[in-house]
Amino acid sequence: AACNKKNKAHHNETATENPEGNLTRSDLTSVEGLKKIDIPENLPENAFRYLTIKSKFSFESGNQHIDNTNMNVRIQKDSVIWLSVTGFGFEVARGLITQDSVRFVDKINKNYYAFSYADLHDKYHFPLSFHLLESLLIGNLPLHDPSQGSWYEDENRIILKPESKQMDMDLYFKPDNLDYYELKAIEPHSQTHFGVAYGDYKAVQDFRFPFSSLISLVGRTNNKKDILQTTIQIQHTKIETADVSPGFPFGVPSGYTQKR
């Protein structure tokens with residue numbers, strides 16, 4: 001199931017363009033009238049050693065478009081993310097994400113891509129990291145210490161406003177089970193807007209994982225004349241935890257061209 005309509009509508013208000021062509025800051029939730037609370041007890045955290053995931057994956061950014069293709073993911077927590085994208089019955093791309101780099105092989109066009117996180121920051125004007133990318137896939141909080149921030153509640157949700165010098169951010173939770181269902185963030189310098197909406201939570205052993213996610217990144221291109229919107233939709237079909245490594249094979253075949 002996709003994220004509910006209410007959450008989608010709220011999520012899609014991450015960025016707009018005014019008549020002068022400037023990105024305007026979306027309204028992060030005002031704390032006026034909200035009740036400040038202590039950090040909730042038993043805040044969910046999906047802890048595991050290894051994870052394997054089967055998903056449907058859609059991607060759109062500029063003239064790049066991938067629609068509802070199959071993706072297999074393997075994760076060693078806090079260490080490695082391995083991805084394999086298949087289409088037309090064979091593998092079309094493979095990726096390896098580590099603490100210091102993101103690498104992909106495009107098997108259709110025989111191209112190879114390698115980025116540091118500094119490269120990605122320059123490209124998307126947003127502070128991406130391994131911890132953030134891992135959290136996006138599994139629905140964990142993109143924070144090392146959720147106590148470093150202010151917690152609020154209203155009738156329908158609990159809100160965390162983390163302390164961060166890199167970005168302004170709101171995280172939203174359901175009050176009954178603390179399911180983490182939405183993130184909105186703005187990088188103040190570039191005014192790049194980033195949002196995630198989660199849904200379709202299911203139990204996997206002792207944990208609860210969101211099986212659907214909608215990710216949006218909206219910001220200026222490097223020439224600062226155009227707005228680039230990147231949208232990723234992921235629907236997991238199967239998630240399994242493991243204590244034994246599933247393997248993370250990755251290599252660049254001879255004859256491939258490195259691209260940036």
Side-chain angles (χ1 to χ4, degrees), residues 1-16 23 25-29 43-46 51 53 55-61 66 68 71 73 75 77 81 83 97 102 117 120-121 123-144 146 149 151 156-162 164 166-174 177-188 190-202 204 207-219 227-236 239:
C3 304
N4 65 62
K5 292 182 179 178
K6 180 178 179 182
N7 286 353
K8 272 191 174 180
H10 192 58
H11 165 75
N12 288 338
E13 293 172 359
T14 49
T16 58
L23 283 172
R25 175 181 174 132
S26 64
D27 290 331
L28 297 178
T29 300
L43 198 63
E45 172 78 9
N46 290 322
L51 201 68
I53 306 173
S55 309
K56 291 288 187 179
F57 171 81
S58 298
F59 172 90
E60 187 168 358
S61 182
I66 299 172
N68 205 37
M71 181 173 70
V73 182
I75 301 174
K77 192 157 189 317
I81 301 170
L83 308 98
I97 303 173
V102 176
Y117 291 104
L120 293 174
H121 184 276
K123 182 177 178 65
Y124 293 105
H125 308 291
F126 197 81
L128 296 170
S129 66
F130 179 88
H131 183 68
L132 176 60
L133 296 176
E134 182 183 65
S135 70
L136 292 177
L137 283 169
I138 62 178
N140 276 349
L141 303 186
L143 309 168
H144 293 289
W151 290 81
N156 302 312
R157 58 192 176 174
I158 292 175
I159 304 165
L160 168 60
K161 289 181 172 290
S164 174
Q166 291 184 309
M167 67 187 86
D168 300 320
M169 189 188 317
D170 282 356
L171 289 79
Y172 300 89
F173 305 79
K174 293 183 178 179
N177 56 13
L178 291 178
D179 280 351
Y180 162 47
Y181 70 84
E182 187 174 17
L183 176 151
K184 293 197 297 181
I186 304 169
E187 200 284 323
S190 66
Q191 286 296 292
T192 297
H193 291 59
F194 180 73
V196 187
Y198 293 109
D200 193 19
Y201 269 84
K202 296 179 182 179
V204 178
F207 311 114
R208 279 176 59 80
F209 286 92
F211 272 61
S212 71
S213 58
L214 178 65
I215 303 166
S216 177
L217 183 68
V218 184
I227 293 174
L228 177 65
Q229 176 158 353
T230 300
T231 303
I232 300 171
Q233 189 154 10
I234 302 173
Q235 181 70 47
H236 299 321
I239 298 177

- [ ] Compare every heavy atom of P188 with every heavy atom of M167, then report the nearest pair and how far apart it is.
- [x] CA-CD, 3.7 Å

Task: Residue from V73, L137, I75, I81 passing side-chain contact (heavy atoms from CB on, under 4.5 Å) with I97 - done: I81

- [ ] Answer yes or no: is there a side-chain heavy-atom contact under 4.5 Å between F194 and L183?
- [x] yes

Task: H121 vs K123 side-chain heavy atoms within contact, under 4.5 Å - done: no

Task: Stepwise side-chain contact (heavy atoms from CB on, under 4.5 Å) test for F211 and Q235 - done: CA-CA 6 Å; F211 272 61; Q235 181 70 47; 4.1 Å; yes

Open item on the list: Just so I know, are the side chains of L214 and S212 near enough to count as touching, which here means a heavy-atom distance under 4.5 Å?
Closed with: no

Task: Spatial distance of atom CG (L171) from atom NZ (K161) [nearest 0.5 Å] - done: 10.0 Å

Task: Any L120 side-chain heavy atom under 4.5 Å of F126 side chain - done: no

Task: Exam field: side chain S190 to backbone H125, donor-acceptor pair closer than 3.5 Å - done: yes

- [ ] Taking all heavy atoms of P146 and all of W151, pick out the closest pair and write down the distance.
- [x] O-NE1, 3.1 Å

Task: Working for side-chain contact (heavy atoms from CB on, under 4.5 Å), residues L51 and N46 - done: CA-CA 10 Å; L51 201 68; N46 290 322; over 6 Å; no

Task: Derivation and outcome, ring pair (Phe, Tyr, Trp, His ring centres under 6.0 Å), residues F173 and Y180 - done: CA-CA 4 Å; F173 305 79; Y180 162 47; 5.6 Å; yes

TODO: Mind checking salt bridge (charged side-chain N to carboxylate O under 4.0 Å, His left out) for K56 and listing every partner two or more places apart, or none if nothing turns up?
DONE: none

TODO: Give the C-alpha distance, both sets of side-chain angles, the deciding distance and a yes or no for side-chain contact (heavy atoms from CB on, under 4.5 Å) between I239 and K202.
DONE: CA-CA 10 Å; I239 298 177; K202 296 179 182 179; over 6 Å; no

Open item on the list: With a 4.5 Å cut-off on side-chain heavy atoms, are I234 and F59 touching?
Closed with: no

TODO: Find the distance between NZ (K174) and CD1 (I158) and round it off to the nearest 0.5 Å.
DONE: 12.5 Å

TODO: Mind listing the closest non-hydrogen atom pair of L141 and H131 along with its distance?
DONE: O-NE2, 3.6 Å

Task: Side chains of L136 and S213 in contact at under 4.5 Å (non-hydrogen atoms) - done: no

Task: CG on L28 to NE2 on H193, rounded to 0.5 Å - done: 8.0 Å

Open item on the list: Given 3.5 Å as the limit, does a donor-acceptor pair link the side chain of S55 with the main chain of F57, or not?
Closed with: no

Task: Pairing residues for S135 by the side-chain contact (heavy atoms from CB on, under 4.5 Å) criterion, not counting sequence neighbours - done: L132, N140, P142

Task: S61 to L228 - nearest heavy-atom pair and separation - done: OG-CD1, 3.8 Å

Task: Nearest-0.5 Å distance, CG of residue L160 to CE of residue M169 - done: 8.5 Å

TODO: Measure the spacing between CD of E187 and CG of L217 and express it to the nearest 0.5 Å.
DONE: 11.0 Å

- [ ] Using atom types as modelled and distance alone, determine if a side-chain donor or acceptor of S216 lies under 3.5 Å from a backbone N or O of T231.
- [x] no

TODO: For T230 and Y124, run side-chain hydrogen bond (donor to acceptor under 3.5 Å, both in side chains): C-alpha distance rounded to whole Å, both residues' side-chain angles, the deciding distance at 0.1 Å, then the answer.
DONE: CA-CA 10 Å; T230 300; Y124 293 105; 5.3 Å; no

Task: Chi angles and distances behind the side-chain contact (heavy atoms from CB on, under 4.5 Å) call for Y172, T29 - done: CA-CA 10 Å; Y172 300 89; T29 300; 2.6 Å; yes

- [ ] Quick one: pull up NE2 in H144 and OG in S129 and give me the separation to the nearest 0.5 Å.
- [x] 6.5 Å

TODO: Decide yes or no for L128 and V102: does some side-chain heavy atom of the first lie under 4.5 Å from some side-chain heavy atom of the second?
DONE: no

- [ ] State whether the side chain of N177 and the backbone N or O of D179 hold a donor-acceptor pair below 3.5 Å, judged by distance alone.
- [x] yes

